[in-house]
Amino acid sequence: MGRRQTDSELGRCALLALLFLGATSCCVVYTLLSAGLRRTPISSVLDSIESGDRIEHLELWGDAVKWGADFKVNSSEECCRACKAMCSGVDGPCLCDSWVFCGNREACGAKFGECWLKKQKYSFYPDRRDSGEHVMWTSGLIFGKGEGIVGLQTEYGVLHIELFPDCAPHSVAYILELLRLRHCVGCQLYRAESRGTSWDSQGNHIKSAPFGPPFALIQGTLAAHGTMFKEIPTEECPQIRRGSVAWVGSGPEFFISLANHNEWSQTYTVFGSLLPEDLEIAEKIAQLPTKLEVWSNIDVSVLDEPIRLRFIRVPFPHKQNTESSQS
């Protein structure tokens with residue numbers, strides 16, 4: 001069956017081709033990821049891998065809990081750790097939820113090494129003083145236990161997503177922009193595929209079963225009308241597990257995995273994870289009526305009726321399963 005050649009569908013086609021190829025050759029997928037999903041920009045932050053927990057050329061504002069003029073460190077990683085050390089409680093908000101570091105010796109001058117530890121009025125709405133290539137500062141966000149959770153509202157219930165600011169700061173920054181908008185016109189889920197007979201109820205692959213189709217995921221776009229979107233750089237995050245929320249290429253297309261896709265390695269940037277108690281909603285969506293389409297010779301299940309999405313703020317504290325969703 002033919003399909004409409006729109007920009008969004010071309011992106012969907014590329015994703016499906018990558019998912020299929022990922023089951024047979026991660027190397028091929030990685031190559032196509034950089035080439036096949038390249039697109040023109042629509043227009044224009046837990047302990048983990050520390051090489052990706054910062055955003056350069058960004059200066060966050062906010063109340064200082066430790067003044068950088070009196071506190072100098074050797075790297076942004078050290079500055080980040082100092083903030084995390086003030087966010088080690090079992091529960092409750094962090095004493096430090098953002099940090100700003102000056103690491104360019106030439107540009108910073110006397111401020112070189114300054115590490116400012118700050119507390120935002122609202123952690124989901126960080127006060128941004130300035131950004132751009134001319135800014136000499138590097139910044140990052142820290143969420144306390146139960147703080148870094150946003151709601152993705154659907155007509156079938158709210159999908160609560162724990163964000164990963166440490167390993168995917170650029171991705172989280174974009175999600176926080178959508179949260180600030182209070183609308184997400186154009187954001188939707190358009191594809192839904194169950195676990196079929198290839199993965200069990202825990203998301204584990206069944207021996208000798210094919211890797212799809214169906215591919216055990218729900219997919220959509222987070223391109224909100226009226227929002228400047230710039231391609232998000234690849235960020236080092238966990239592999240695709242059941243509940244992982246990840247970008248397709250550089251976004252804004254994304255998917256929520258219903259299975260542990262070890263065969264995809266770390267091809268995709270995972271910027272969050274669905275809370276375990278909300279997987280039932282995602283599974284329900286995967287069972288909705290669909291029609292068959294063929295993208296690059298691959299059978300795809302497209303929802304009869306796309307599902308509109310909107311990000312909402314989740315009251316703190318949010319009761320959640322104590323099992324870490326990033327493990």
Side-chain angles (χ1 to χ4, degrees), residues 3-4 6-9 11-12 15-16 19 42 124 146 148-163 171-172 174-196 199 201 203 213-227 229 240-248 251-259 270-293 295 299-316 318-321 325:
R3 41 192 299 275
R4 293 171 295 178
T6 63
D7 288 342
S8 62
E9 293 216 353
R12 286 190 245 167
L15 169 66
L16 202 287
L19 295 184
I42 296 178
F124 274 140
I149 297 172
V150 296
L152 189 58
Q153 190 175 57
T154 78
E155 60 190 279
Y156 299 97
V158 177
L159 298 169
H160 295 88
I161 299 172
E162 178 185 359
L163 299 175
S171 300
V172 172
Y174 178 68
I175 299 303
L176 296 188
E177 288 183 17
L178 295 181
L179 188 66
R180 189 188 295 267
L181 276 179
R182 299 184 184 278
H183 79 79
C184 201
V185 178
C187 299
Q188 60 177 310
L189 291 172
Y190 51 70
R191 174 186 176 192
E193 300 190 12
S194 69
R195 290 177 280 105
W199 291 271
S201 60
F215 290 97
L217 56 81
I218 55 178
Q219 180 190 335
T221 179
L222 294 179
H225 296 165
T227 301
F229 180 84
I240 304 294
R241 312 301 296 169
R242 177 168 161 81
S244 292
V245 186
W247 295 118
V248 178
E253 292 177 291
F254 79 108
F255 64 92
I256 299 175
S257 178
L258 302 179
V270 178
F271 60 87
S273 182
L274 200 63
L275 295 191
E277 54 265 37
D278 291 342
L279 280 164
E280 182 178 347
I281 299 174
E283 293 278 8
K284 180 178 180 179
I285 292 174
Q287 298 295 332
L288 292 175
T290 59
K291 56 180 176 290
L292 178 66
E293 289 193 8
W295 302 352
D299 291 342
V300 179
S301 297
V302 177
L303 287 166
D304 287 350
E305 296 292 337
I307 300 172
R308 289 181 293 180
L309 303 173
R310 182 171 74 93
F311 278 102
I312 60 174
R313 187 176 177 182
V314 175
F316 176 79
H318 174 75
K319 296 180 179 180
Q320 61 172 310
N321 193 305
S325 57

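Heavy atoms only: backbone and side chains are in, while hydrogens, waters and symmetry mates are out. No experiment lies behind these values; they were computed from the predicted model shown.
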Quiz item: Can you list the steps and then say if Glu193 with Val300 is a side-chain contact (heavy atoms from CB on, under 4.5 Å)?
Solution: CA-CA 8 Å; Glu193 300 190 12; Val300 179; 3.7 Å; yes

Look at the side chain of [X] and the backbone N and O of [Y], then say whether any donor-acceptor pair between them is shorter than 3.5 Å.
X	Y	answer
Glu253	Thr221	no
Arg191	Gln219	no
Tyr190	Asp304	no

Quiz prompt | Ion pair check, Arg195 and Glu283, cut-off under 4.0 Å | solution =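 Glu283 and Arg195: salt-bridged.
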
Measure the spacing between [atom1] of [X] and [atom2] of [Y] and express it to the nearest 0.5 Å.
X	Y	atom1	atom2	answer
Ile175	Cys184	CD1	SG	8.0 Å
Leu274	Ile256	CG	CD1	5.5 Å
His183	Phe311	NE2	CZ	13.0 Å
Ser171	Leu222	OG	CG	10.5 Å
Phe271	Tyr174	CZ	OH	10.0 Å
Ile218	Leu189	CD1	CG	5.0 Å

Ignoring hydrogens, what is the shortest heavy-atom contact between [X] and [Y]? Give both atom names and the distance.
X	Y	answer
Ile307	Glu155	CG2-OE2, 4.1 Å
Ile240	Ala246	CD1-CB, 3.9 Å
Gln188	Leu309	C-CD1, 3.7 Å
Val314	Gly151	CG2-N, 3.4 Å
Ser301	Thr290	CB-OG1, 3.7 Å
Gly203	Trp199	O-CD1, 3.3 Å

Practice problem: Would you check, one step at a time, whether the test side-chain contact (heavy atoms from CB on, under 4.5 Å) holds for Arg242 with Ser257? | Solution: CA-CA 5 Å; Arg242 177 168 161 81; Ser257 178; 5.7 Å; no

Quiz item: Do Ile161 and Leu275 come close enough that some side-chain heavy atom pair is under 4.5 Å?
Solution: no

Self-check item: Minimum side-chain heavy-atom gap Val245-Phe255 below 4.5 Å
Solution: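 Not in contact.
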
Self-check item: Residues that Gln153 engages under side-chain contact (heavy atoms from CB on, under 4.5 Å), provided they are two or more places apart
Solution: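 side-chain contact (heavy atoms from CB on, under 4.5 Å) check on Gln153 returns Val158, Arg310, Ile312.
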
